[in-house]
Amino acid sequence: MSLSVVSRRALLAGGGGLALGFALGGAARAVEPDRPLPGSLANNPELDAWMRIDADGAVTLLTGKVELGQGVLTALTQILADALDVAIEPIRVISGDTGQSPKEGPTAGSMSMPYAGAAVRQAGIETRALLLKLAASRAGAPLSALRTRDGAVLLPDGGRLPYGELLAGQALRRRATGLPQDVPPAESRHVGTATPRRDLPAKITGAPAFLHDDRPPGLVHARVLRPPSIGAQLVGFDPASVEVLAGVIMVVRDGSFLAVIAEKEHQAILAHEALRQAARWREISGGPNQDTIQAWLKARPSEEIRIVDRPTAASSVRIVEAAYSRPMLMHGAIGPSVAIGLFEAGRYVIHTHSQSVFETAAAIAQMLAVDPGSVRLIHRPGSGCYGHNGADDAAADAALLARALPGRPVRVQWSREDEHGCEPLGSAMHVELAAGVDARGDIVDWRCDLWSMAHSTRPGGQAGNLLPAPCLAQPFPAPPPRVIPAPNYGPDRNAIPLYDLPGQRVTTHFIRESPVRVSSLRSLGAFANVFAIESLMDELALGAGADPLAYRLRHLSHPRATELLLRTAEAFGWSAYRKAPGRGRGLAFARYKNLAAYCVVCLEVEVSTETGVVRVLRATAGVDSGAVVNPDGLRNQIEGGLIQALSWSLKEEVVFADGKVLSTSWGDYPILTFSEVPPIEVLVIDRPDTPLLGAGETAQGPTPAALANAVFDAIGVRMRHLPLKPQSVLEAIASAAG
Amino acid sequence: MTLVLNVDGVRHAVTSADDTPLLWVLRGELDKNGPKYGCGAAQCGACTVLLDDAPVRSCVLPVSAATGAAIRTLDGLADADGALHAVQSAFVAEQAAQCGYCTSGMIMSAVALLAETPRPTDAQVRTALDGNLCRCGAHNRIVRAVLRAAEART
């Protein structure tokens with residue numbers, strides 16, 4: 001009789017629970033104190049929070065992080081498959097469900113791998129160790145003689161004890177210890193390999209892969225008429241002309257929040273247009289526009305935050321000063337925001353593509369004045385998400401409209417105009433740098449003053465951060481925006497250079513008000529700060545008569561940064577580069593947040609001095625993200641980040657006035673197209689035995705600087721203000737010549 | 001009012017008003033998922049479907065203008081037995097997406113391109129897709145996928 005048969009019998013007799021209790025008894029654990037738990041495990045230490053193993057062996061991964069198009073769920077599945085030693089394909093994933101998932105923070109800030117990835121890995125390793133010990137006890141075999149493979153413990157006699165049978169459907173009910181495990185290690189088979197995206201097959205076949213595709217029974221369609229500008233008040237409205245339209249179920253008004261619910265989607269669209277005709281608004285005019293925003297930033301009262309202040313005794317022989325800026329930018333998801341809300345039996349269930357289901361659920365509960373436990377948010381994939389967009393607001397809309405029509409799922413779909421006009425923008429910024437250099441041209445003193453509005457007005461549990469809440473009859477005013485402190489920072493993200501700078505002073509001038517909505521856009525302040533720092537580095541290199549690469553290296557004492565710079569430059573062909581007329585090359589570097597992935601971007605451009613058009617001919621990016629979970633996923637993130645940052649840098653600027661965004665279509669807000677996208681080579685340095693570093697935003701900062709540096713190399717004109725539109729380039733050429 | 005549409009090889013009687021954009025009929029009445037709402041103004045290409053093999057923006061095409069034509073969506077692109085179209089297979093092989101929201105429009109535009117130009121150059125693919133916007137930055141993967149599909153089919 002084999003041991004596995006004994007176990008099966010014991011299991012069938014209900015012995016699994018006893019065995020579990022025996023094998024996992026606390027004696028061994030109590031000897032050594034627990035360690036700090038990695039990543040999100042610290043706040044969710046129960047192993048059961050992260051995975052379930054059913055009696056039939058089915059494995060479910062639970063995470064609070066959500067799929068935004070970045071491939072996070074594929075990567076987490078790879079991590080769990082290896083840590084637990086189970087087959088990858090059948091793993092089911094529950095993601096971003098406030099009713100089931102471990103409570104993790106927003107899927108933001110390039111933190112999914114360091115937080116969820118580290119947690120899933122440790123939880124998987126500890127669970128596998130418990131299963132091995134359970135099997136050893138069950139089979140009476142020494143632990144060292146056991147192995148695991150594809151969801152089963154392999155016994156020395158060739159028998160198998162499947163995990164499902166070992167646990168017999170019981171929960172583990174164990175807290176993670178954070179300790180290394182004294183069991184034979186599993187073989188890594190998925191981490192480090194280019195595992196295909198799990199969500200892609202459905203998306204290329206037209207299966208219902210997106211929240212936009214969900215059609216629960218009884219679904220009705222809603223549209224919200226947004227106030228035409230920030231703070232606008234609805235002063236006159238007669239619903240009669242709308243209520244008579246075909247398919248209209250109801251018009252909902254709550255203060256200045258106005259919406260219509262109809263049976264069919266196109267009926268809702270027509271009724272929405274009728275709402276627009278019927279509504280009269282009182283608007284507030286004035287405030288800055290896209291042309292005056294930089295002066296406005298410097299003129300407004302601001303809060304000064306000195307994030308580093310280190311004087312130096314060394315004296316400079318020369319000071320180089322320059323000012324840089326970026327405009328307001330939008331996320332511009334291709335699919336406008338959507339949400340489906342259902343209010344039934346006193347409970348709200350809202351399907352959303354929010355990045356922050358837990359915090360947004362709390363904010364919605366506050367807005368509805370209901371118990372937080374009665375609002376459940378469930379994430380479903382939406383269009384690509386690059387920061388705090390309209391997703392949370394649409395979820396709030398859906399909650400309000402579900403309340404108005406209990407028992408029927410209400411789908412709120414934003415229009416393109418809503419998405420462009422109402423999403424929170426990435427703040428314009430103004431950055432002034434001054435570098436004191438010695439006789440050799442090396443930096444001895446560094447000063448940075450940056451002016452910015454907020455980079456986070458995420459819901460954060462506060463109703464006032466949800467777009468409809470300040471409009472309600474019982475309004476929730478928008479709370480003052482938060483300052484994001486070290487080490488992540490907000491406006492001042494990456495404002496402290498990674499270079500060796502003997503003296504350094506960095507001051508954030510934080511402006512809490514804003515003429516239009518602002519919040520988190522991929523990389524927050526790092527886009528402008530790295531643009532400024534890495535542009536000035538080239539200006540200083542020029543002054544020192546040094547090659548830009550060599551100049552950076554002599555200010556760097558981070559071996560990983562140095563290696564990445566050298567290898568990326570080599571892959572680009574930096575030292576062998578032969579400059580052709582009108583062409584130039586540029587390079588820039590940053591370590592995202594000075595704690596996440598390192599990234600180097602090299603570009604070659606061609607600039608027409610007649611048209612001012614900057615054409616990017618090719619790009620080479622290098623990334624060191626520590627241990628690489630999915631090399632193709634990492635490449636995809638770097639390519640995508642670089643392309644998006646090029647689009648921001650070459651073409652994008654939100655036009656606004658009187659508290660109103662005027663860029664309300666793709667015609668008004670062009671983005672990079674296929675013909676404008678350069679070939680991109682990505683060099684990945686994998687460091688398997690080092691911590692996972694987040695990489696999703698690391699290309700945003702270096703890209704604009706590499707671009708401006710390349711333009712300077714091409715035509716000898718320094719561009720310090722984004723975007724590098726043809727007209728700006730022509731003006732800069734004329735100004736340099738004049 | 002009833003109109004008859006031929007969608008993915010099946011005839012459907014639909015009841016939406018004549019001037020309803022085809023997109024809302026495909027999604028709302030026929031439960032198609034492929035064609036996506038992106039802009040409603042023929043500016044992004046997410047809603048692209050084929051009308052007698054030509055790419056059209058279904059978000060601005062009145063449904064009445066689509067009767068009598070063979071309408072093809074992503075949902076019906078694979079064979080009846082589920083075998084993927086060469087362009088679909090190539091998108092998987094190249095992992096040619098991030099969020100995938102624009103993917104349906106990309107694939108349908110690519111299918112139309114390859115019907116006209118079976119062996120396009122890199123530049124021809126880019127020109128053909130210039131009207132399809134991607135915000136995640138999957139452009140080069142998408143181009144590689146279309147070129148791969150062209151190679152697989154010839």
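Labels below follow one simple rule: chain letters A, B, ... track the order of the sequence lines, proteins then strands, and each chain is numbered from 1. Every value quoted in this text rests on a predicted model; they were computed, and no experiment measured them.
Only the side chain of B/Ile107 comes within less than 4.5 Å of a heavy atom of chain A; its backbone N, CA, C and O stay farther away. Neither the backbone nor the side chain of B/Asp122 comes within less than 4.5 Å of any heavy atom in chain A. With a 4.5 angstrom heavy-atom cutoff, B/Leu23 does not touch chain A via any of its atoms. B/Ala78 does not touch chain A: none of its heavy atoms, backbone or side chain, sits under 4.5 Å away. Contacts between B/Thr103 and chain A at a heavy-atom distance below 4.5 Å involve the side chain alone, from C-beta outward.
Among B/Glu29, B/Lys36, B/His85, the residue making the largest number of heavy-atom pairs under 4.5 Å with chain A is B/Lys36.
Between A/Glu265 and B/Arg27 there is no salt bridge, since no side-chain N of the basic residue sits under 4.0 Å from a carboxylate O of the acidic one. A salt bridge links A/Asp632 to B/Arg141: one of the charged nitrogens lies within less than 4.0 Å of a carboxylate oxygen.
The two residues B/Cys39 and A/Trp666 have their closest heavy-atom pair at CB-CD1, 4.1 Å.
Here OH of B/Tyr37 is found 6.5 Å from CD1 of A/Ile269. Values are rounded to the nearest 0.5 Å. Rounding to the nearest 0.5 Å places CG of B/Asn140 at 5.0 Å from CD1 of A/Ile643. Taking OG1 of A/Thr673 as the reference point, atom CG of B/Asp130 lies at 4.0 Å (rounded to 0.5 Å). Between the NZ atom in A/Lys203 and the OG atom in B/Ser104 there is a gap of 13.0 Å [rounded to 0.5 Å].
Side-chain contact between B/Arg135 and A/Ser647 is present, with at least one heavy-atom pair separated by less than 4.5 Å.
A donor-acceptor contact under 3.5 angstrom links the side chains of B/Gln98 and A/Asn636, judged on distance only.
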